[in-house]
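Structure record follows, encoded as C-alpha cells.
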Amino acid sequence: MEIFLIIILIILIFYSIILHEIAHGYVAYLLGDPTAKYEGRITLNPTSHIDPIGTIIFPLFTYALGGFIFGWAKPVPYNPFNLKYKTRDPILIALAGPVTNLVLMSIFLILLKTNFFPLFNDIFFQLIRVNLVLALFNLLPIPPLDGSKLLLLKIPLESYVILESYGFIFVLLFIYLFSEPFFHIINKILNFLL
C-alpha cells in the first residue's frame, strides 16, 4: 500500500475511534447529561480525544512486543446522577460506541462491495476489519469495556465500580488468553460478510 493510502487509513482508523467516543457523549447528552458537551468532547477535533498513554505510548509498546496494536482514546465522561433511568441509560450510552462502529463497518462494506472507489478497496477492507474489532471487543462483558455495563442489570453499582477498578487487568488477561479465538471469530465473520 502506498504511503499516502497508509496515512489515509491511519486517519480513518483514528476517526473510527473518535466517532465511537463522540457517540457515547452525544447519547449521554440526549439522555440529559451535558458533561461531555461541557468538557468539549462532542467534537471531531482529535486533540480532545488523545490519551497520551492509551493513544500513543501503549499502541507503540504493544506493536513493538508483537505487532499487535492495542490502545484507546480518552474515555468520554458522563455523570450518572444527571440520568433519569440509572440502570437503562448507562447501558444505552455504552452501546452507542459499538453501534457506531457497526454502522461505520456497514458503510465501508457497501463502498467495498459496490467497488465505489477501487483505489480505496484495500483501505475499505481494513476499515471493515477495524470497526468490527472495535465493536465486538467493546461489547465484551469485561469492565471497563462497553459491554460490561450490561452487568448493571444483575449487580449493584457499587459492585460494578469495584470490578471496574481491576478492569485493565481483566482486559490484558483476555488479550493474552483469548486473542487467538477472538480473531478467529472476527475472520469467520469477515469471510461471511465478504
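All heavy atoms count here, side chains included; hydrogens, waters and symmetry mates do not.
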Working for side chain to side chain contact (heavy atoms under 4.5 Å, CB included), residues Leu139 and Leu145: CA-CA 7 Å; Leu139 284 172; Leu145 301 177; over 6 Å; no
Cluster overlap Tyr78 with Val161, hydrophobic side-chain contacts below 4.5 Å: no
Leu44 and Leu19: CA distance, side-chain angles, deciding distance, side chain to side chain contact (heavy atoms under 4.5 Å, CB included) verdict: CA-CA 8 Å; Leu44 290 173; Leu19 288 170; 3.8 Å; yes
Neighbour count above 12 (heavy atom, 6.0 Å) for Tyr29 OH: no
Lys86 atom NZ: more than 12 heavy-atom contacts under 6.0 Å: yes
4.5 Å side-chain heavy-atom contact, Asn138 and Pro98: yes
Nearest non-hydrogen partners of Leu5 and Ile123, listed with the distance: O-CD1, 3.4 Å
Lys149 (side chain) donor-acceptor with Asp89 (main chain) under 3.5 angstrom: no
Minimum heavy-atom distance Tyr85-Pro90, with the two atoms named: O-CD, 3.6 Å
Inter-residue atom distance Ile18.CD1 - Asn45.CG, 0.5 Å rounding: 8.0 Å
Donor-acceptor pair, side chain of Arg41 and main chain of Ser48, under 3.5 angstrom: yes
Side chain proximity check, Thr35 to Phe81, heavy atoms < 4.5 angstrom: no
Nearest non-hydrogen partners of Gly54 and Asp51, listed with the distance: N-OD1, 2.8 Å
Distance-minimising heavy-atom pair for Ala23 and Thr100: CB-OG1, 3.0 Å
Partner of Leu9 under side chain to side chain contact (heavy atoms under 4.5 Å, CB included), chosen from Ile13, Ile7, Leu12: Ile13
Intermediate values then yes/no, ring-ring contact (aromatic ring centres under 6.0 Å, His included), Phe182 and Phe178: CA-CA 6 Å; Phe182 176 77; Phe178 300 108; over 10 Å; no
ILVMFWY cluster, Phe124 and Ile110 together (side-chain gap under 4.5 Å): no
Any donor-acceptor N/O pair, His49 side chain to Tyr15 backbone, under 3.5 Å: no
Validation row: Arg129, Ile186 side chains within 4.5 angstrom (heavy atoms): yes
Cluster check Leu140, Ile93: I/L/V/M/F/W/Y, side chain < 4.5 angstrom: no
Atom of Thr43, atom of Gly40 and distance for their closest heavy-atom approach: CG2-O, 2.9 Å
Inter-residue atom distance Asn187.CG - Leu132.CG, 0.5 Å rounding: 9.5 Å
Phe4, CZ atom: more than 12 neighbouring heavy atoms under 6.0 Å: yes
Minimum side-chain heavy-atom gap Ile22-Val76 below 4.5 Å: no
Side-chain (Tyr26) to main-chain (Ala36) donor-acceptor, under 3.5 angstrom: no
Backbone N/O of Asn79 and side chain of Asp33: donor-acceptor pair under 3.5 Å: yes
Closest non-hydrogen atom pair between Val171 and Pro143, with its separation: CG2-O, 4.2 Å
Crowding at CD1, Ile53 (>12 non-hydrogen neighbours, <6.0 Å): no
Separation between CZ of Phe170 and CD1 of Ile142, rounded to the nearest 0.5 Å: 9.0 Å
Student check: side-chain heavy atoms of Leu92 and Leu30 closer than 4.5 Å: no
Interatomic spacing from OG in Ser148 to CD1 in Ile155 - rounded to 0.5 Å: 8.5 Å
same_hphob_cluster(Leu31, Val99) at 4.5 Å side-chain heavy-atom cutoff: no
Separation between CD1 of Ile17 and CG of Leu104, rounded to the nearest 0.5 Å: 11.5 Å
Separation of Leu193 CG from Met105 CE (nearest 0.5 Å): 5.0 Å
Cluster overlap Val103 with Leu109, hydrophobic side-chain contacts below 4.5 Å: yes
